[in-house]
2 protein chains.
Amino acid sequence: MKRKGLLIVVSGPSGAGKGTICKDFLELNKDVLISISTTTRKPREGEQEGISYHFTTKDHFESLVRENALLEYVHVFDNYYGTPKDWVLSRLEEGKDVLLEIEIVGAMKVKEKYSDAVLVFVLPPSIKELKNRIVNRGTENLDQIEKRMERALEEIRTIEKYDYFILNDNLAKAVNDLEAIVAAEKSKVSRYSMEIVKSYEEEK
Amino acid sequence: MKRKGLLIVVSGPSGAGKGTICKDFLELNKDVLISISTTTRKPREGEQEGISYHFTTKDHFESLVRENALLEYVHVFDNYYGTPKDWVLSRLEEGKDVLLEIEIVGAMKVKEKYSDAVLVFVLPPSIKELKNRIVNRGTENLDQIEKRMERALEEIRTIEKYDYFILNDNLAKAVNDLEAIVAAEKSKVSRYSMEIVKSYEEEK
């Protein structure tokens, strides 16, 4: 039975811990590929081309947008970030599973363009805990933190557009939940029903 | 967040191995309850009331059917087999997960009456392997075996009405798949989306 790969989109409010969950998940599931985003942001120290990001110019990025070469993109703080469409779709055709760790807005766009995508929302244990994490980072003032909390709540309100949620109150449990979601999606009859029946009929 | 229990229905052709998968699954997941069927069949040696089955009379069973007290029932070789509705629905309301291991026809009826049920189809590795297993049991003649194979293929053709399939070519993997399905179903946004949003809004 030939299987197309799964497109797994992990998203959620900043600070909910999606990055750590994805990192641990990928270490345990070496066969799942991560999509590297393209960005116009300047590389920070230690960041490598093709590993952290594909770095490019604003002009080139805008040409990618015009050519519909991105599965999704966002414009944040004067920088673009996007997901290369061809690379992702080719890996899926080959039967490879691909993980995207992206922002809420991007996740919605991916679902529009590729309805088979599996959308996973990472929830913080509580708004209070989310606030603690941001406060402890020490990179933002109180006003910015309040705005971020408002935004997190706004984002949680979009959860009904997602397929699954993961409550990140325990990292190992959260990674396990993501693994279960991927395994269960591969057991869904709706993805393969005709091929299943055919394979048994042909055998007869 | 209050959660209703999951109703997990495991079904599939006779000989595909659903019984063994369910037994191993229940041993690893002590919090999941198994529903005991009611039957008019006479107890076999070693079978105990309330453990193997609830044994009852034909008259009483037919009154249960009239009172709509069964989630599903079938009539096989002059015996009735059914699933007590009240017991199952009460456990689900309490938040307990309930497993049913039943025939294809019964599974369809459960889905009609309780659309939240999760239907899992256990597939044999191949028709050939299914035949080997039945032949090795040594309880049926060649003609009966051929009929059983025809029926198995007919049953596999109903798979599109199921939510998930499990290919039983490796018992441990099959049990794992069932565990992943149960975990993923509990992570589905569609089951809880309003409660999730509310719980974060109330906290603010």
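Convention: sequence-line order gives letters A, B, ...; per-chain numbering from 1. All values reported here derive from a predicted model rather than from experimental measurement. Excluded from the calculations below are hydrogen atoms, water molecules and symmetry mates; all remaining heavy atoms, backbone and side chain alike, are included.
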Should we say atom [atom1] of [X] is surrounded by more than 12 heavy atoms from elsewhere, each under 6.0 Å from it?
{"X": "Asp78(A)", "atom1": "CG", "answer": "no"}
{"X": "Lys109(B)", "atom1": "NZ", "answer": "yes"}
{"X": "Arg151(A)", "atom1": "CZ", "answer": "no"}
{"X": "Lys113(A)", "atom1": "NZ", "answer": "yes"}
{"X": "Tyr73(B)", "atom1": "OH", "answer": "no"}

(request) Under 4.5 Å heavy-atom distance to chain A, tell me which part of Lys186(B) shows up: side chain, backbone, both or neither. (result)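 Lys186(B) touches chain A through backbone heavy atoms alone.
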Using a 4.5 angstrom heavy-atom cutoff, name the option from [options] with the most pairs to chain A.
{"options": "Arg191(B), Glu160(B), Lys188(B), Lys161(B)", "value": "Lys188(B)"}
{"options": "Ile166(B), Ile156(B), Val120(B)", "value": "Ile156(B)"}
{"options": "Val189(B), Leu119(B), Leu123(B), Asp177(B)", "value": "Val189(B)"}

(request) Could you look at Ile159(A) and say if it's the side chain, the backbone, both or neither that has a heavy atom under 4.5 Å from chain B? (result)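 For Ile159(A), backbone and side chain are both near chain B.
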(message) Nearest 0.5 angstrom please: Glu185(B) CD to Ile181(A) CD1, how far?
(response)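 So the CD of Glu185(B) and the CD1 of Ile181(A) are separated by 10.5 Å.
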(request) Could you have a look at Ser190(A), Ala184(A), Ala183(A) and say which one has the most heavy-atom pairs with chain B under 4.5 angstrom? (result)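 Winner by heavy-atom pair count: Ala184(A).
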(message) Determine whether a donor-acceptor pair (N or O, by modelled atom type, separation under 3.5 Å) exists between the side chain of Tyr200(A) and the backbone of Ala152(B).
(response)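 Not confirmed, Tyr200(A) side chain does not pair with Ala152(B) backbone.
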